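One structure is given here, and the rest of the page talks about it.
This one's a predicted model, so the numbers in the text were calculated from it and none came from an experiment. In what follows, chains carry the letters A, B, and so on, assigned in the order in which the sequence lines appear, proteins first and then strands, with residues in each chain numbered from 1. Values below: all heavy atoms of this structure, side chains included; hydrogens, waters and symmetry mates excluded.
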Amino acid sequence: MSDKKTLFLLDAYALIYRAYYAFIRAPRINSKKLNTSAIYGFTNSLLEVLQKENPTHLAVAFDPAGPTFRHEMYEPYKAQREATPEDIKLAVPYIKQLLDALNIPVLEVMGYEADDVVGTVALMAEKAGFEVYMMTPDKDYAQLVSDHVKMYKPRSKGGGMDILGIPEVQEKFGIEEPDQVIDILALQGDAADNIPGCPGIGEKGAKDIISKYKSIKGIYEKIDEFKGKRKENLINFKEQIELSYTLATISRKVPIEFNEEDLKVCEPDKDKLFPLLEELEFKSMMPRFGAPAPTPAAAPAMQGDLFGQPQVTETPGITSTFKTINDVDHTYYLVDNEQAYASLAAELSVQKEYCFDTETTGLDAISAELVGISFSWKEHESYYVPIPEGKDKAQEIINRFKLVLEDKKILKIGQNLKYDILVLKKYDINVKGQIFDTMVAHHLALPGLKSSMDFMAETYLGYSPVKIEELIGKKGKNQLSFRQVEIEKAKEYAAEDADITLQLKKFLEPKLKESGLEDLFYQTEMPLLLVLAEMEATGVKLDVDELNAFAIKLKERIVTLEKDILEIAGKEFNIASPKQVGEILFEHLKIDAKAKKTKSGQYSTNEETLNKLKGKHEIVDKILDYRGLKKLLSTYVEALPALVNPQTGRIHTTYNQAMVVTGRLSSTNPNLQNIPIRDEDGREIRKAFITSDAEHVFLSADYSQVELRLMAHLSQDEHLLRAFNNGEDIHAATAAKIYKVPLEEVSADMRRKAKTANFGIIYGISAFGLAERLNISRSEAKELIDGYFENFPQVKEYMDKSIEIARDKGYVQTVFGRKRNLPDINSRNGVVRGMAERNAINAPIQGTAADIIKMAMVTIQKELDEQQLKSKMILQVHDELNFDVDKNELDQIKEIVKKGMENACELSVPLSVDMGIGSNWHEAH
DNA sequence: TAATTCACG
DNA sequence: ACGTACGTGAATTAC
């Protein structure tokens, strides 16, 4: 390549969008509140190319503002595309300035898109003897590929680039000539560009057809070989397909001059460049142009950010300038003989703390088998102990480490330790002593960011660990078990994980301290982790027979409804498809002229919309019923029995402690926090959640109105405080205030409206939202809200204060210090800002409630353990705890639970807990 | 894979 | 003019 002329042509907007969205979860914002995600990401990719590919020539093509020749021939072209985000619009001038400073030419031709310009220039360059690379993630460019013109395409996920020459394009699209890509696009269409294509033909269909018939022309020569709907569509939409062909064709006749000299890569203009990088606060980028490094001691990602939260320095798929295992001196030992076991165990036993990580055969801790375990207590030094297959042999080896794992004096560090603890539990190892989970620590200290180890390693350590996919392959086809991984590779991977996790602990520990989160972490979250492990291991028993019987009843009703609906409609259609339901309702039956549409232009057919249509047509009720029953059947009645663990006969959910931004837990596999209760049919499912045997009862305990009580506490609103302290019916009391009537005269409707308003208050009320929910006019809703604030003025003050705090600090906090970052609080976009403002109101409330129940759980479990009770805590549903109670212990447990929950903390209002018992969850409620 | 819908607190 | 109450997870359809 060195003696050849190589030209790189970059599709600016495609790369800018990509960069912008790559950072969307943790945008880069400089101290002037400019979102620099797009600028940073784009510049990084550009530098990467310059460095790695060392091109002799390079240019960047931009789409000009205003219409192009495609709009002239087809008005809807790109019409429904969402407006360019404001942040990108602001970024573009900076990018152009940067390019100017780098002496890189910008290509922009009125009336033509960037791809046309690239196509034209590529063709001319090829003739002039260049090797041309078109850098873009847009697959449409594949049509331009030729002998010396290739695509340089960032991979969709993960790092790296794909270079697509003729053979790759032939393979990827199943065609012989690159220009057949246009034929494929003409059939397939492109939703993003509003290119219609042919109805009923998607990516797969288009590829199949073109690989067989070669071109659009070829199709119509043999049109009789097609059958049915497809033939019909091909004929009916012939014109549309031909138009699509024209739209999808990249023009190579753009009026532009090709001047080789102008495109030559040359030295940047440092006088322009450095001040610009300074302004953008891209300090880490300056050394790449020969400027002195900023502060080498600082973690690479921690500079110049609005809220002291880290940002991603590098973006998956755009660059990969992280250090890896090959760049760092390390010593990873394989521990696989008696002497080595003994000396490792001995060394561990004298440590104050160490990090460990288990490797297993799967992701489900309850059924996975141990394959290995790694330990580290010193940076870059780590030990891997393979565990042999077979229960007895495995037990024999892991037993050598039982003592150190159960040693109360040693702090155990790990990433997602709940998993490791659950796995070890099956080998009769009960991890004891203080623990430090890096995932949970990160979620507390730097909330709102991904807490995966890979993300943290890259962000805080500038280091990219070996990916598990590299060892066992991507999930799906032929994924290996970790046991099948070659031992040397397994060692490198596992030992590295323990090593990295230890380093992350050292990074996170001071962060917790600085944020004043140590108490919450050590006194609540870490003990809770052990409680959750216990709950998950215990599981909950499911009455599968009960569910199967229910399934039969549901299916009968569904079949009947289905028959009725199709008959009423007088046409076959899939009732489960919102799209088809919309078409039947609004086009076929025309039951409402002004149908609502969703973002993507479909008819909206959600419950809210349908409910409003109820009186208009008998089919609506039936569709709603059908939907409800189908949902019940597929999401719960049929799904739950499949998740019963064959070894334990129980359901073991996984609680995620580092997922929810407000501090709540979430539950997956299955989600046991959304089991139906509101409707009669759905409630039936709770009957299948039963006690372990007839000697146990189901105890359910839930906080009454915690969030409203917290609003009372946080706002110190005198009326709210008084109502709770007097044990009043809070919704009725609210109604009495708002409607200015005595408590006795509050009607059911007034109470209902007040109740909805109370919920609204917690969520950061809006007149629109309240109006929607109460089905009243917006002005009426506004009066209601005004009335509320008039009567509870301190609530209004609290709400304003919360927003003020968020604006000031960039985050809000719970009573116990848990933070939520709100980077959008100063957004110029009112919708986005409004959302952040409501978050500012809601997060302290929801988050404090989460903190409280977590503290209660820790206390209750401690009591259960200390008194050696047999009853078990089995479920948490945000404000509710459920127990499988030994009948002999019932009184004791009730006392422990009630006290544990009500005395979890001291507030200006009492916490109140309702309890119920029964033989299943339904009865206990 | 995204969009839609709907289950819970 | 636009798009709206807070926080989740799962199943499904259709691209």
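Within residues 663-680 of chain A, the residues approaching DNA chain B are A/R664, A/Q673, A/N674, A/I675, A/P676, A/I677, A/R678, by heavy-atom distance under 4.0 Å.
With sequence neighbours left out, the ring-ring contact (aromatic ring centres under 6.0 Å, His included) criterion links A/Y788 to A/F792. Partners of A/K579 under the side-chain hydrogen bond (donor to acceptor under 3.5 Å, both in side chains) rule, at least two apart in sequence or in another chain, do not exist in this structure. Shown here are the ring-ring contact (aromatic ring centres under 6.0 Å, His included) partners of A/Y20, two or more places apart in sequence or in another chain: there are none. In this structure, A/F883 has no ring-ring contact (aromatic ring centres under 6.0 Å, His included) partners at least two apart in sequence or on a different chain. A/R773 pairs by the side-chain hydrogen bond (donor to acceptor under 3.5 Å, both in side chains) definition with nothing, not counting sequence neighbours. Applying the side-chain hydrogen bond (donor to acceptor under 3.5 Å, both in side chains) test to A/E680 and every residue at least two apart in sequence or in another chain returns nothing.
Here the P atom of nucleotide C/dT12 and the CD atom of A/E638 are 8 Å apart, to the nearest Å. Distance A/N656 CG to B/dG9 P: 20 Å, rounded to the nearest Å. Atom P of nucleotide C/dT8 and atom CG of A/L875 are separated by 21 Å, given to the nearest angstrom. To the nearest angstrom, P of C/dA5 lies 14 Å from CE of A/M799.
Applying the salt bridge (charged side-chain N to carboxylate O under 4.0 Å, His left out) rule to pairs touching residues 663-679 of chain A yields A/R664-A/E707, sequence neighbours excluded.
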(request) Under 3.5 Å for both distances, Watson-Crick or G-U wobble, that's the pair rule; now give the dot-bracket for DNA chain C, with | marking pairs to another strand and [ ] for crossing ones. (result) .....|||||||||.

